Amino acid sequence: MAAKTDANHDTLELLKECDQGVKLAISAIEQVVDDVKSNEFKSLLDAGKDRHTQVQEKIGILLIQYGEAGKAPGAVAKGMSKMKISVMMAADGSDSTAAELIMDDCNMGIKSLSQYLNQYTEADGKAKDAALQLIKSEEELAKSIRKFL
């Protein structure tokens, strides 16, 4: 019986962390996209946001199935992210700066999600799959925008 409890706990915690991460990622993309000058870069950011939104919807459905709400990003984490992006874009609003900011966020997301996958080993396959899809989305976005660094 303890294994089921551990599995439910791990599943919920992994889903909540994924939900928080995907919300932060979408927010960062939304914050820089209007300042990006290259139409190609904007298109890549829009595609990345679309992939993240699809994963967010999947996570939301899984959370509802477990009778849980999502996890809003912490006020400090969200505030610091917004402040960093605002300051760096105000200082140098180049596409290179925007690419650097998004790549940093993607790398941080990949690292955090990988740690959560290792931490919540008893999570069910659907939760792990959602985390892996989010990691893949982060990797694809980071790879696609490298040329703008």
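Quantities reported herein were computed from a predicted structural model and do not represent experimental measurements. Residues take their numbers from the sequence shown, with the count starting at 1.
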Given side-chain hydrogen bond (donor to acceptor under 3.5 Å, both in side chains), test Ser81 with Gln31 step by step and report yes or no. CA-CA 10 Å; Ser81 175; Gln31 196 172 352; 5.3 Å; no
Indicate yes or no: at least one non-hydrogen side-chain atom of [X] is less than 4.5 angstrom from one of [Y].
| X | Y | result |
| --- | --- | --- |
| Glu13 | His9 | yes |
| Leu134 | Gln56 | no |
| Leu14 | Lys128 | yes |
| Ser27 | Lys82 | yes |
| Leu44 | Phe148 | yes |

Donor-acceptor check, side chain of [X] to backbone of [Y], threshold 3.5 angstrom: yes or no?
| X | Y | answer |
| --- | --- | --- |
| Asp92 | Met88 | no |
| Lys37 | Gly93 | yes |
| Ser144 | Leu141 | yes |
| Ser114 | Ile110 | yes |
| Asn107 | Met103 | yes |

Looking at [atom1] of [X] and [atom2] of [Y], how far apart are the two atoms once the value is rounded to the nearest 0.5 Å?
| X | Y | atom1 | atom2 | answer |
| --- | --- | --- | --- | --- |
| Gln115 | Glu17 | CD | CD | 10.5 Å |
| Asp35 | Leu101 | CG | CG | 10.5 Å |
| Ile102 | Lys49 | CD1 | NZ | 11.5 Å |

Same hydrophobic cluster for [X] and [Y], using side-chain heavy-atom links shorter than 4.5 Å among ILVMFWY?
| X | Y | answer |
| --- | --- | --- |
| Leu24 | Ile135 | no |
| Leu62 | Leu132 | yes |
| Leu149 | Val33 | yes |
| Ile26 | Val55 | yes |

Only one of Ile145, Asp95, Leu45 passes side chain to side chain contact (heavy atoms under 4.5 Å, CB included) with Ser38; say which it is.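 The single option meeting the side chain to side chain contact (heavy atoms under 4.5 Å, CB included) with Ser38 is Asp95.
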What is the minimum heavy-atom distance between [X] and [Y], and which atoms define it?
| X | Y | value |
| --- | --- | --- |
| Ala25 | Glu138 | CB-OE2, 3.6 Å |
| Ser137 | Gly48 | OG-O, 4.2 Å |
| Ala131 | Leu113 | O-CD1, 4.5 Å |
| Ala98 | Val36 | CB-CG2, 4.0 Å |

Under a 3.5 Å cutoff, is there a donor and acceptor pairing between the side chains of [X] and [Y]?
| X | Y | answer |
| --- | --- | --- |
| Asp10 | Tyr116 | no |
| Glu122 | Thr11 | no |
| Gln133 | Asp129 | yes |

Do Asp46 and Lys42 sit within salt-bridge range, that is, some charged N less than 4.0 Å from a carboxylate O?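 Here Asp46 does not pair with Lys42 in a salt bridge, since their nearest N and O are not under 4.0 Å apart.
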